Amino acid sequence: MARFYVTTPIYYVNDVPHVGSAYTTVNADGLARWHRLLGDDTFFLTGTDEHGLKIQRAADENGLTPQEQADQTSERFKEAWKLLDISYDDFIRTTEPRHRVAVQQLLQEIYDNGDIELETYEGPYCVSCEGYYAESDLIDGVLCPIHLRPVETLSEENYFFKLSRYEQPLLDWYAAHPDFVQPDSKRNEAIGLIKGGLRDISITRTSLDWGVPVPWADGHVFYVWYDALINYATAVGYGSEPERFEQWWPHVHHLIGKDILRFHCVYWPAMLLSAGIEPLPHINVHGFLLVGGEKISKSGQKLTAITPAELVDEFGVDPLRYHLLRHTPLGADGEFSFEAITERYNADLANNLGNLLSRVATVVGSKCDGVGPAPSPASPLAAVAAEVYGAVAAAWDAISPSDALDATWRLIRETNAALEAAEPWKADPGPEVDAVLGDALEVLRIVSILASPALPTAPAEVWRRIGLPGRPAEQRLPHAAEWGGYPGRLPVEKGPPLFPRKK
RNA sequence: GGCGGCGUAGCUCAGUUGGUCAGAGCACACGGCUCAUAAUCGUGUUGUCGUCGGUUCGAGUCCGACCGCCGCUACCA
């Protein structure tokens with residue numbers, strides 16, 4: 001059986017969910033749902049990243065323990081994903097014991113291979129921040145950029161990962177695996193980073209204890225990023241269930257935003273190579289959603305601080321998900337706006353899909369006594385449906401949800417045109433009217449399945465209204481997309497508009 | 001500064017290895033229809049494919065320069 005393992009980044013719990021994290025997560029969810037339709041054994045992972053100085057500091061400010069701080073914010077992510085109907089199979093938290101075990105084992109592996117060495121780190125340190133700065137970040141070369149107080153030079157013994165040894169191995173892997181990092185523009189960026197030269201990286205800290213302890217050295221904890229990356233391995237059994245890990249790891253796909261490209265496309269693969277874990281994951285890098293050209297942020301003004309919950313209130317879960325998947329192709333940055341989501345909603349959901357259901361249900365009511373007829377095997381729409389299925393499958397395979405939805409809506413448009421040509425509402429009841437209405441019902445059946453990865457709710461309602469038992473998400477492709485699946489002689493219910501027009 | 005990315009119709013974007021590549025959807029205009037959520041169907045307008053050169057029989061599609069925008073340069077998708 002085919003397997004598919006998809007991950008989102010684990011979100012850092014110093015922030016609450018915003019539209020950007022929703023964007024990544026909804027895309028991952030769409031992919032997971034698509035693969036479940038294919039009947040693949042699918043594993044969808046998301047979670048939260050909970051170690052590090054920022055968390056410890058936030059906890060101190062709030063009078064909480066770091067764990068309590070992490071518990072609270074982690075819960076916010078779970079709530080957000082519930083609201084968005086995110087069908088994750090596992091929600092990992094880096095403070096869980098299973099993760100500690102995996103981190104210690106993986107990094108011990110690297111240590112044993114000789115790729116981790118103790119070195120002295122020396123640099124400008126701000127006591128108030130309890131952290132080091134790069135010389136270039138200092139104000140006037142001597143002041144902490146946050147506290148505007150003089151920094152002092154401190155040195156600390158840290159363990160370093162010998163990343164510099166992996167320049168060539170990484171370049172070799174990139175050369176041998178053209179689809180390692182997608183899209184190509186991001187792949188080139190990653191290769192550029194590597195060719196620019198890799199420095200060894202500090203992976204432990206002694207100045208704080210909110211982290212995974214280094215097994216071979218008391219007083220050291222792993223630096224948050226190197227513990228975080230390992231979550232993808234932890235969740236499928238690294239360190240605890242070797243056979244499970246072997247099964248899933250070859251099928252892993254990471255979805256990430258461009259801000260963490262360096263970590264995922266350079267550091268993480270190098271760590272895996274060092275630990276002897278192959279193959280390397282597939283990585284798909286997407287851009288940012290911008291509001292008015294600006295990056296979304298929780299601290300921005302009202303527009304950029306828009307939350308997923310507000311959008312769900314305004315548009316509903318399905319329309320928000322549809323817009324996120326359809327509007328901004330994975331890869332480059334995209335613009336997010338109320339105008340755009342409203343346009344999408346009206347044009348695609350209300351006018352095309354929703355209205356198709358309405359008009360078909362009405363005519364079935366008047367010409368067929370409300371009993372849906374079967375489609376005709378020779379319908380011209382059968383060929384369109386077959387073509388569309390091919391395009392949809394290819395698009396999901398290429399991790400292009402927007403193309404998959406675009407193709408699906410082509411079928412809806414063709415069906416509206418076919419109805420227009422046949423004008424069943426003018427004709428007398430009979431085989432010809434039955435055929436064209438049956439075809440339209442068949443399209444609604446197929447579209448319900450093909451749209452279900454994006455829309456978790458509405459397609460099930462379409463399915464029910466055209467009299468089908470079960471749910472679209474329970475169907476199995478490609479068989480379920482073959483023309484002729486609508487059996488006919490089923491009660492068709494009109495019901496209220498599926499997506500009432502906005503404004 | 002270094003490295004990298006982007007610039008195609010009003011908007012969001014497609015455009016494999018150079019030769020119906022000047023496109024799709026939305027928006028807009030006109031016409032049709034009235035089953036349908038003022039929905040739908042048909043037709044159509046807009047672009048010197050950032051600029052200037054070059055390679056070529058032929059270039060959004062390759063090369064160079066330039067202009068504009070942006071990203072990364074060690075911890076926010």
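Order of the sequence lines fixes the chain letters, A, B, ..., with proteins taken first and strands second; residue numbering starts at 1 for each chain. Keep in mind the model is a prediction, meaning the values are calculated, not measured.
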Integer angstrom distance from the C1' of B:A74 to that of B:U56: 46 Å

So if I take residues 317-327 of chain A and measure heavy-atom distances to RNA chain B, which residues fall below 4.0 Å? A:H327

Give me the distance, rounded to whole Å, that separates B:A27 from B:C11 when you measure between the C1' atoms they each carry. 7 Å

Using the side-chain contact (heavy atoms from CB on, under 4.5 Å) criterion, which residues pair with A:S402? Sequence neighbours excluded. A:R326, A:P329

On a whole-Å scale, what distance lies between the P atoms belonging to B:U8 and B:U51? 10 Å

What's the gap between B:C41 and B:U34 when it is taken at their C1' atoms, as a whole Å value? 11 Å

A:T7: side-chain hydrogen bond (donor to acceptor under 3.5 Å, both in side chains) partners, not counting sequence neighbours: A:H254

Selected nucleotide, minimal atom distance to A:R199 side chain, candidates B:A74, B:C35, B:U37: B:A74

Not counting sequence neighbours, which residues clear side-chain contact (heavy atoms from CB on, under 4.5 Å) with A:V436? List them please. A:L419, A:A422, A:P424

Neighbours of RNA chain B within residues 422-433 of chain A, by heavy-atom distance under 4.0 Å: A:W425, A:K426

What N/O pairs connect the protein and nucleotides 26-31 of chain B at under 3.5 Å? Give each pair on its own line.
unit_1 : atom_1 : unit_2 : atom_2 : d
B:C26  : O2'    : A:E343 : OE1    : 3.3

When you look at A:R321 and A:D85, which way does the salt bridge (charged side-chain N to carboxylate O under 4.0 Å, His left out) test go after all the steps? CA-CA 9 Å; A:R321 290 175 53 116; A:D85 243 318; over 6 Å; no

side-chain hydrogen bond (donor to acceptor under 3.5 Å, both in side chains) contacts touching residues 417-443 of chain A (sequence neighbours left out): A:R359-A:E420, A:S379-A:D439, A:E423-A:K426, A:E442-A:R445

Can you check B:G60 for me, syn or anti if syn means within 90° of 0? syn

Between A:L198 (CG) and B:A74 (P), how many Å, whole number? 14 Å

Would you check if the side chain of A:N352 reaches a backbone N or O of A:A347 as a donor-acceptor pair within less than 3.5 Å? yes

On RNA chain B, compare the nucleotides closest to A:F499 and A:Y267; which residue's is nearer the 5' end? A:F499

Rounded to whole Å, CD1 of A:I191 lies from P of B:G2 at a distance of 22 Å

Could you tell me whether A:L498 contacts a base, only the sugar-phosphate backbone, or nothing, with contacts defined as non-hydrogen atoms closer than 4.0 Å? base

Considering only atom C1', compute the distance from B:G47 to B:C28 and round it to an integer number of Å. 16 Å

Determine: side-chain N/O of A:K502 to OP1/OP2 of B:U37, distance under 4.0 Å, yes or no. no

Taking atom C1' of B:G25 as reference, at what distance in whole Å does atom CG of A:L353 sit? 16 Å

Between B:G7 and B:G15, how far apart are the two P atoms, rounded to whole Å? 11 Å

Just jot down the side-chain hydrogen bond (donor to acceptor under 3.5 Å, both in side chains) partners of A:D397, sequence neighbours excluded, or say none. none

Between A:D209 and A:Q56, does a side chain to side chain donor-acceptor pair (under 3.5 Å) hold up when you go through it step by step? CA-CA 9 Å; A:D209 54 17; A:Q56 190 164 58; 3.2 Å; yes

P spacing across the pair B:G18 / B:G60, given as an integer number of angstrom: 13 Å

Roughly how many Å is it from CD in A:E414 to C1' in B:U40, rounded to a whole number? 14 Å

Verify, without hydrogens or angle tests, whether A:H99 (side chain) and A:D227 (backbone) share a donor-acceptor contact under 3.5 angstrom. yes

Residues passing the side-chain contact (heavy atoms from CB on, under 4.5 Å) test with A:D403, sequence neighbours excluded, are A:A395, A:S400

Sugar-phosphate only, base, or nothing, as touched by A:D49 at under 4.0 Å among non-hydrogen atoms: nothing

Using 30° and 60° as the class boundaries, would you call the ring planes of A:H51 and A:W210 parallel, tilted or perpendicular? perpendicular

Between A:D348 and A:L353, is the side chain to side chain contact (heavy atoms under 4.5 Å, CB included) condition met? List the steps. CA-CA 6 Å; A:D348 292 359; A:L353 176 56; over 6 Å; no

Nearest-Å distance, CG (A:L193) to P (B:A74)? 11 Å

Whole angstroms only, please: what is the CG-P distance between A:L261 and B:C76? 14 Å

Earlier contact from the 5' end, RNA chain B, for A:K54 and A:A417: A:A417

Could you tell me which non-hydrogen atom of A:Y174 sits nearest to which non-hydrogen atom of A:A190, and how far apart they are? OH-CB, 3.2 Å

Decide yes or no for A:R501 and A:N351: does some side-chain heavy atom of the first lie under 4.5 Å from some side-chain heavy atom of the second? yes

Under 6.0 Å from the six-membered ring centre of A:F91 and within 45° of its axis: does the NZ or CZ of A:K78 meet both? yes

Counting only Watson-Crick and G-U wobble pairs with both atom distances below 3.5 Å, the stems of 3 or more consecutive pairs that include RNA chain B are B:1-7 with B:67-73, B:10-13 with B:23-26, B:28-32 with B:40-44, B:50-54 with B:62-66

Going by atom types only, do A:Y88 and A:T8 share a side-chain donor-acceptor pair under 3.5 Å? no

What are the atom names and distances for every N/O pair under 3.5 Å that joins the protein to nucleotides 5-9 of chain B?
none

How far does the C1' atom of B:C69 sit from the matching atom of B:C33, given to the nearest Å? 47 Å

Taking A:T415 for the side chain and A:L411 for the main chain, is one N or O donor matched with an acceptor at less than 3.5 Å? yes

From CG of A:N355 across to C1' of B:C41 the rounded distance in Å is 12 Å

Can you say whether a donor on the side chain of A:E420 sits under 3.5 Å from an acceptor on the base of B:G32, or the other way round? yes

Please list, chain by chain and in numerical order, all residues satisfying side-chain hydrogen bond (donor to acceptor under 3.5 Å, both in side chains) with A:Y232, sequence neighbours excluded. A:H264

Specify the separation, in whole Å, of atom CZ of A:R262 and atom C1' of B:G2. 12 Å

Select one nucleotide: of B:U40, B:A36, B:A74, the one nearest the side-chain heavy atoms of A:N416. B:U40

